[in-house]
Each structure stands twice: as C-alpha cells, then as structure tokens.
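Once you've had a glance at the structure underneath, I'll fire off some questions.
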Amino acid sequence: MNVRRHHISAAAVAAVTALGLGTLSACSSDSAAAGNTDKFDVVASFYPMAFLAEQIGGEHVNVTSLTEPGQEPHDLEISAKQTAQLQETDAALYLKGLQPSVDEAIGQSEVKTKIDAATLTSLEEHGTEAGGHAEEHADEHADEHGHADEHGHEEEHGHEHEGGKDPHIWLDPVKYAEVAEGVGKAFEKADPDHAADYRKNTETLVGKLNDLDAKFETGLKNKKTEVFITTHAAFGYLAERYGLTEEAINGLDPESEPSGARVKELSRTAEADGVTTVFYETLVSDRTAKTLADDAGLKTDVLDPIEGITDKSRGDDYFQVMESNLKALQTALGAK
C-alpha cells in the first residue's frame, strides 16, 4: 500500500521479501511477500502486537513480526534487513521499553504511523512480588520471618519499561483490550478507506477479551491460596486484576539461578501459603523452577507469558493459551 514501494528496484524488493521476518499467514494468502503493496502493511515487534494487528486488520492488513516464533523477544537484535523493512512499511506496532533494539530502529525509521502500545494503557512498577494483596502479604511474612526489607525490596527488578514500569500488559485482558481499542483507532486514521471494518473488528476483539476477563474472574474466585510462584515477574498485572499474589524467583532473567536466600524465602512462602506449584514458561529452560521445586517439595507446571507461539505452546493463539493458563492457575491455587 505504501506508494514509496513503487520506486524500489526489483533487487531491493527481493531482498525485503527474503527477510527473516515471521509473517502471520492468516493475514492474506500471499502475505509471505512482505512487500505486498495492495494491503495496509504493518510491522509488529513481537507476537502480542502482531496478534492485535491481525485481529483488528483482518483481510486488509499484511502483518510481519520482527520476532520469530520461538525467539525470546527480549533478546532480539534488529538486523539491517529488518531495519530496511521498517522504512517501507505503512505502520509499526510495538511496546516501547520491552525490546531496546526495536525502539531504536522504529525511532530512526521514516514509517509514518508509529503505534506504541505502552501509551494506550497505564503501566505500573512491579518487583519480584506483585498483586492485589502484595503489601499485606509482605507484612504477614515480615511478622513471621522478620525479613520485610529482603522480601519487599531486595530484588525489585523485572523486565522494565522506561521509568521502571512493567511492560507485560497483554497478560491482563482488560489492559490488552485498552491497547486494542487504541490500535483500532490508529488503523482507522492511517487507513481510512477501511475504517469501518477496523472499528467492527476492534469491537469483536474487545468483546472476546471481556469474555476472557469474565472467565478468569469467575474461575479464580474460590481458591485455597492466592499466592503463585513463577520463574520471573511477568504476571504482575494478571495477579492484581484477579486478587492474586505473584512471587517471582527472579525479576530480570528467567533463566538465571536463584540465590540461596531467595530459594529459602520462597520455600517458607510456599509452606505458609499452601503453594503447590512452581511455574516456568515455554520459551526458557525449566531448570530454575525445578531448583526451587526440588528444594521445597513442589510440582512444576507451565504458565505461559505468551511472548511467542510455538509447537510447545498449549494452544494456537493468545486466547487458547490464556485459557490454558487459567486452567493451570486453577489447579495450582485449588480453585473450585
């Protein structure tokens, strides 16, 4: 759709087409060609952004993702070919602060429509403990174990957005719906010929996210414990939304070995709060989770942050994996 493409040489088109970009096949039958000029071309930073673009754009968009399926998005380094692709797209959809190389490449590109999902909802600071009852929970453990400072402040780091904000907004269906609405409006403005369809698709997607929110609300209402343990702090927004408390082994790096003090601390937490399971994720090793689980006599299971869909994912798209996450949480928390 971008008129500048009409002046690109055949060699340049071939080079762009050969990029190592993951193209979402549902967008169009011939969308393997990233230089498709008949559609509204969108480059998305990683899966949660690409999924939004695909759902909202429908048949009118050609979506390519900078992050390949199975690739850990935080580790992405933009290639020269991907930078070239950004120069020729109609829109770039990303989450500023999650992938520094993406932020830099999009910031320097000439793409007309730049959509930063972080500006479409509110972001919060989350440490290794997060949730609706975090302060109360920390106070309880300070009384029991006398380690309030260690528990609340020793590892106050995570995948941080600018200013220390947690970027994992897509794991809260309500915040993800807010982002969807903003993306829909941006698409309408950038491609007004198809505005009505974008508006309709956005309404449909938001409706599905509202239904998902209701499933989580109902499914996690009656539970034996509100505390769950993960390898890294990705589920703070989800915990806050549904009255849970996330305890993360590590904040910044889900694959790093936890400290002995943190393992002991979480072992005490597990015993005090009836925790049965340590969760790990599909794109990284389960070694860290098993270290704690073996020490504390707990089980391990997957809680997927949905940063990418692979053949190991418990579902084919965002909604299916989120429902799998709900089932895993229900089992771990003893929800009825």
Legend entry - Reported CH2-to-OH distance for the pair W170 and Y318, which is rounded to 0.5 angstrom: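 Answer for the CH2-OH pair, W170 versus Y318, is 10.0 Å.
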Legend entry - Common cluster, V206/L171, ILVMFWY with side-chain heavy-atom separation under 4.5 Å: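 No: no chain of side-chain contacts under 4.5 Å links V206 to L171.
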Inset, instruction - Output yes when a side-chain donor or acceptor of T231 lies under 3.5 Å from a complementary backbone atom of A289, and no otherwise. - result: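 No; judged by distance alone, with no hydrogens or angles, the pair does not exist.
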Legend entry - I106 and L86, any side-chain heavy atoms less than 4.5 Å apart: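 A side-chain contact under 4.5 Å exists here.
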Legend entry - CZ-CD distance between F319 and Q55, expressed to the nearest 0.5 angstrom: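 Here the interatomic distance stands at 6.5 Å.
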Inset, instruction - Output all residues satisfying side-chain contact (heavy atoms from CB on, under 4.5 Å) with K327, sequence neighbours left out; order by chain, then residue number. - result: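 side-chain contact (heavy atoms from CB on, under 4.5 Å) list for K327, sorted by chain: Q330.
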Inset, instruction - Could you go through the side-chain hydrogen bond (donor to acceptor under 3.5 Å, both in side chains) check for E240 and H126 one step at a time? - result: CA-CA 10 Å; E240 289 186 346; H126 291 143; 3.2 Å; yes
Inset, instruction - Would you confirm whether Q82, through its side chain, and I78, through its main-chain N or O, come within 3.5 Å as a donor-acceptor pair? - result: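 A pair under 3.5 Å: no.
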Legend entry - Non-hydrogen atoms of A270 and L298 that approach each other most closely: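 Nearest heavy atoms, A270 then L298: CB-CD1, 3.8 Å.
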Legend entry - Close side-chain approach of L123 to I169, heavy-atom, < 4.5 Å: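 The answer is yes; the side chains approach within 4.5 Å.
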Legend entry - Main-chain N/O of H74 paired to E72 side chain as donor or acceptor, under 3.5 Å: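 Confirmed, E72 side chain pairs with H74 backbone.
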Inset, instruction - Would you mind reporting whether L98 and F46 have side-chain heavy atoms less than 4.5 Å apart? - result: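 Sidechains of L98 and F46: in contact.
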Inset, instruction - State whether the side chain of T276 and the backbone N or O of A332 hold a donor-acceptor pair below 3.5 Å, judged by distance alone. - result: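 Looks like yes, one N/O pair under 3.5 Å.
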Inset, instruction - Starting from the C-alpha separation in whole Å, work towards a yes-or-no answer on side chain to side chain contact (heavy atoms under 4.5 Å, CB included) for E323 and L212. - result: CA-CA 8 Å; E323 293 199 10; L212 181 65; 4.0 Å; yes
Legend entry - Exercise: do T282 and D304 side chains pair donor with acceptor under 3.5 Å: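 Indeed, the side chains of T282 and D304 share at least one donor-acceptor pair under 3.5 Å.
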Inset, instruction - Under the salt bridge (charged side-chain N to carboxylate O under 4.0 Å, His left out) rule, collect the residues that match up with D172, sequence neighbours excluded. - result: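 Salt bridge (charged side-chain N to carboxylate O under 4.0 Å, His left out) list for D172, sorted by chain: R241.
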Legend entry - Side chain E124, main chain D166, donor-acceptor under 3.5 Å: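 No: the side chain of E124 does not pair with the backbone of D166.
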Legend entry - Any donor-acceptor N/O pair, K189 side chain to T113 backbone, under 3.5 Å: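 No; judged by distance alone, with no hydrogens or angles, the pair does not exist.
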Inset, instruction - Identify the two heavy atoms, one from I309 and one from G315, that lie closest to each other, and give their separation to 0.1 Å. - result: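 Taking I309 first and G315 second, the nearest heavy atoms are CG2-O, 4.0 Å.
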Hey, can you pull the donor-acceptor pairs under 3.5 Å for the side chains in residues 173-187, sequence neighbours left out?
| from | atom 1 | to | atom 2 | distance (Å) |
| --- | --- | --- | --- | --- |
| K175 | NZ | S122 | O | 2.8 |
| K175 | NZ | S122 | OG | 2.9 |
| Y176 | OH | P48 | O | 2.7 |
| E178 | OE1 | T121 | OG1 | 2.4 |

Inset, instruction - State, to 0.1 Å, how close V227 and T225 come at their nearest heavy-atom pair, and which atoms those are. - result: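 Taking every non-hydrogen atom into account, N-OG1, 3.2 Å.
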Legend entry - Minimum heavy-atom distance between D295 and S267, given as atom pair plus value: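 Shortest heavy-atom contact: OD2-OG, 3.0 Å.
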Inset, instruction - Would you mind reporting whether V278 and K290 have side-chain heavy atoms less than 4.5 Å apart? - result: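 A side-chain contact under 4.5 Å is absent here.
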Inset, instruction - Report yes or no: does S324 contribute a side-chain atom to a donor-acceptor pair with the main-chain N or O of R314 at less than 3.5 Å? - result: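 Confirmed, S324 side chain pairs with R314 backbone.
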Inset, instruction - Hey, could you give me the NZ/NZ distance between K165 and K96, rounded to the nearest 0.5 Å? - result: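 Those atoms lie 15.0 Å apart.
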Inset, instruction - Decide yes or no for L303 and T277: does some side-chain heavy atom of the first lie under 4.5 Å from some side-chain heavy atom of the second? - result: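 No, too far: nothing below the 4.5 Å cut-off.
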Inset, instruction - Could you walk me through whether I56 and V61 pass the side chain to side chain contact (heavy atoms under 4.5 Å, CB included) test, one step at a time? - result: CA-CA 9 Å; I56 293 168; V61 300; over 6 Å; no
Legend entry - Reported CG-to-CG distance for the pair N222 and L220, which is rounded to 0.5 angstrom: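 Going from the CG atom of N222 to the CG atom of L220 covers 10.0 Å.
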Legend entry - Heavy-atom check, side chain of D90 versus side chain of N62, under 4.5 Å: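 D90 vs N62: side chains apart.
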Legend entry - Side chains of F279 and L329 in contact at under 4.5 Å (non-hydrogen atoms):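 Yes, at least one pair of side-chain atoms sits under 4.5 Å.
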Legend entry - Residue K264 excluded, over 12 heavy atoms near NZ under 6.0 Å: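 Atom NZ in K264 is not crowded, with 12 or fewer foreign heavy atoms closer than 6.0 Å.
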Inset, instruction - Might you point out which heavy atoms bring S45 and L76 nearest each other, and give the distance in Å? - result: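 The answer is O-CD2, 4.5 Å.
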Legend entry - Flag, side chain of S65 to backbone of T67, donor-acceptor distance under 3.5 Å: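 Yes: the side chain of S65 pairs with the backbone of T67.
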Inset, instruction - Hey, can you tell me if H194 and Y198 have their rings parallel, tilted or perpendicular (30° and 60° cut-offs)? - result: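 Perpendicular.
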Inset, instruction - Using the side chain to side chain contact (heavy atoms under 4.5 Å, CB included) rule, take Q320 and S313 through it: C-alpha gap first, then chi angles, then the decisive distance, then the call. - result: CA-CA 9 Å; Q320 291 183 13; S313 300; over 6 Å; no
Legend entry - Joint hydrophobic cluster, L238 plus L209, side-chain heavy atoms closer than 4.5 Å: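 Same hydrophobic cluster.
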Inset, instruction - Show your working on side chain to side chain contact (heavy atoms under 4.5 Å, CB included) between M322 and K215 and close with a plain yes or no. - result: CA-CA 10 Å; M322 278 294 282; K215 287 182 181 179; over 6 Å; no
Inset, instruction - Keeping the roles fixed (side chain from Y47, backbone from P73), state whether a donor-acceptor pair exists under 3.5 Å. - result: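 Checked: no pair found.
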Inset, instruction - Treat each ILVMFWY residue as a node, draw an edge where side-chain heavy atoms are under 4.5 Å apart, and state whether Y237 and L326 are in one component. - result: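 Yes.
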Inset, instruction - Heavy atoms only: give me the nearest L95-P167 pair and the separation to one decimal. - result: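 Distance-wise, the nearest heavy atoms are CD2-O, 3.1 Å.
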Inset, instruction - Could you tell me whether the side chain of L292 reaches within less than 4.5 Å of the side chain of T288, counting heavy atoms only? - result: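 They are not in contact (no side-chain heavy atoms under 4.5 Å apart), so the answer is no.
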Legend entry - Side-chain donor-acceptor pair present, H60, D197, cut-off under 3.5 Å: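 The criterion, which ignores hydrogens and geometry beyond distance, is satisfied for D197 and H60.
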Inset, instruction - Answer yes when E247 and R262 have at least one side-chain N-carboxylate O distance shorter than 4.0 Å, and no when they do not. - result: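 Salt bridge flag = yes for R262 with E247.
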Inset, instruction - Can you measure from OG1 (T310) to CD (Q71) and round to the nearest 0.5 angstrom? - result: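 CD of Q71 is found 13.0 Å from OG1 of T310.
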Legend entry - Flag for E188-T202: side-chain donor and acceptor within less than 3.5 Å: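 Their side chains do not contain a donor-acceptor pair, so the 3.5 Å distance test is not met.
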Inset, instruction - State yes or no: do V263 and V275 share one hydrophobic cluster built from I, L, V, M, F, W and Y residues joined by side-chain heavy-atom distances below 4.5 Å, directly or via other members? - result: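 Hydrophobic grouping puts V263 with V275.
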Legend entry - Gap separating the CD1 atom of I115 from the CG atom of L120, nearest 0.5 angstrom: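 One finds 8.0 Å between CD1 of I115 and CG of L120.
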